[in-house]
Number of protein chains: 2
Amino acid sequence: MATLADVARRAGVSPATASRVINGSSKPVADELRERVLKAVAELRYVPNAHAQLLARPQRSVVGVLVHDVSDPYFAEVTRGLQRVATERGRLVIICNSYRDPDREVEYVDLLRAQQVAAIVLAGSGYHDPTVNALLDERLAAYAATGGRVAVIGRHRHRGDAVLPANEEGARLLGAELRRLGHRTVGVLAGPRSLTTTSDRIAGLGAGLGEPLPEARIRYADFTRDGGSRAAAELLDATPGLTAIVALNDSMAVGALNLLRARGVRVPAQVSVVGFDDMPIAADVTPALTTVRLPLAELGARAMTLALEPAAGRDRVESLPAELVRRDSLGPAPA
Amino acid sequence: MATLADVARRAGVSPATASRVINGSSKPVADELRERVLKAVAELRYVPNAHAQLLARPQRSVVGVLVHDVSDPYFAEVTRGLQRVATERGRLVIICNSYRDPDREVEYVDLLRAQQVAAIVLAGSGYHDPTVNALLDERLAAYAATGGRVAVIGRHRHRGDAVLPANEEGARLLGAELRRLGHRTVGVLAGPRSLTTTSDRIAGLGAGLGEPLPEARIRYADFTRDGGSRAAAELLDATPGLTAIVALNDSMAVGALNLLRARGVRVPAQVSVVGFDDMPIAADVTPALTTVRLPLAELGARAMTLALEPAAGRDRVESLPAELVRRDSLGPAPA
DNA sequence: ACCGATCAGGCAAGGGCTTTCCCGGCGGCG
DNA sequence: CGCCGCCGGGAAAGCCCTTGCCTGATCGGT
């Protein structure tokens, strides 16, 4: 690997001069020397060692992003927004997947700290477990204390600027719509109990329906298609007179749709199904999914924007609205 | 930010000893000193500066991954495989999105080089443009020349170990199946012309059908749902007697399906539709999509494995098979 | 009781880059 | 004609960490 010294030697100048040419220092360099340096750079295919640079000039230009799983469409979309802003601002992004393991999350925070990243963006639902939260908080605090910037998406209870999707409000909208259409016996396909997203959405749904949801009508499973399918089967078997199934994300809703089709249940004539998040797939299944749109990319973009701004006096909190998207999978309750 | 010197001072030892305690050197340290150091580390929330570490001990532990766009399900899946192996091996992954811009790709290679990454994995279709390829190749060569490892996924014409999806073979399978079912007037929804993936799949398809595809039956567009929808509309309008549409990826196929539904064309009774890649969505649309499964996560996993192994004498090439997945969207050609 | 072997700990040399400070040479001004 | 100020270039310190080498001390053997 060619070093700056190699370049300088080849160009017949000092490393100082070479450095100044290469990263356009304010200090002027004679044209001839500049030429010679650039020539040497090209010939040696020199690329400065980023670690050495960062050590010498602690100008932090990379941002760490911590998500549950990039290949999940939810995070893919959030990440898209994050990346867009980061790219506009000339920042490199390191993406880490915690795979929903809180311990791994803490590890990654330390790892990003070690990388001297300019900011850490934490995306995705938080956990209920107070031990976990305390541990994570402590690490984030240590990071923030040394000037690191922290932004969180959809996690109310952490330090740092926060961007919140209107989980509760969106679910309320959904609940109100179900009620308007006469649904009284509603079942819920919920994500893992440990996630705050799950409980927020359940709470909002109850509020919209006008009555709290009996625990017996909630089935907890993974936020996946298969999770949705299994949970829907259980719910159906256990609940006579069920007229609507609310899946707490679209993947689960798609799983439910598949199960109902396999069982020959007509949607929405016999049972309505609604989802959450408005992933691209929601529009493409049959019947097209009624769901709640969350501006995911926008969420990411806002979070990155906050993360790249200097810290405000106190933690900022922004909330982005949810919107009901009416499609075909929700109809009036059968008589 | 606390430094090693701070820790050492607080523990009343030399930085050397502190360092040895912290990263478990083989050199023994007395229990009492070790305790003191660990205590200081905890109290100061010390995390070693990764850049300084990398400078001092050039043990390269991060791997760069360059994809077109992580939020595209194709790359999401490939990335999942890459990450799995990287995590198993204790490597950190930096993901960069080129957004299909070849220039940005070159930039990112340099950036990863600057980061002293242990390996670079290039995923996604290559380009036809020889200028672009030459530039990229030159940069990769410079990297490889200094001991960097390079692995590419689905790009035949680059240096470095390669893992290739059976694009051509998969398309051939598809073509043969269409032919068997009596389809003679087949249209193609192709991705961008500049990508080798597009041409490989077209070539395979022609081979399977038993006759080369007339250019008039190919429509080039983006590898997206909307691209597929638009291209399908054009194709349908321009081709009387069309009995089957081959989309060169599943997103385009879904777009086509939507368009056909909107126009009241029955699938597969009137027109068959097939996709490519077997994305998760393929099973969830109606009718479920007949498509070609590419082991995408496996592709990523193999590429990462190769990248993390020491270089072989010459570039290795592995090919992973494609498999025809029969679902409902392909039927016999109408009489 | 002495010598050599063994062991734990510290010193200091990098690793590649940036940047401050300094120096020599030039031009302009008095 | 002499001095000052300015300007372009280089020497060197420092960023934070690891590790080879050395030293002082302890211990065992004779």
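So that the names make sense, note that chain A is the first sequence line, chain B the second, and so on, each numbered from 1.
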Determine, for [X] against [Y], whether the closest basic-nitrogen to carboxylate-oxygen distance falls under 4.0 angstrom.
{"X": "R80(A)", "Y": "E77(A)", "answer": "yes"}
{"X": "R302(B)", "Y": "E298(B)", "answer": "no"}
{"X": "R100(B)", "Y": "D72(B)", "answer": "yes"}
{"X": "E35(B)", "Y": "K39(B)", "answer": "no"}

Heavy atoms under 4.0 Å, any strand shown: does L54(A) hit a base, just sugar-phosphate, or nothing? nothing
What string of B, S and - do you get for nucleotides 12-22 of chain D, 5' to 3', when a contact is any protein heavy atom under 4.0 Å? --BBBBBBBB-
What is the distance, to the nearest angstrom, from the CZ atom on R36(A) to the P atom on dG8(D)? 16 Å
In whole Å, what is the span from the NE2 atom of H51(A) to the C1' atom of dG14(C)?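 For the pair H51(A) NE2 and dG14(C) C1', the rounded distance is 17 Å.
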Aromatic plane relationship, H68(A) with F75(A) - under 30° parallel, 30 to 60° tilted, over 60° perpendicular: perpendicular
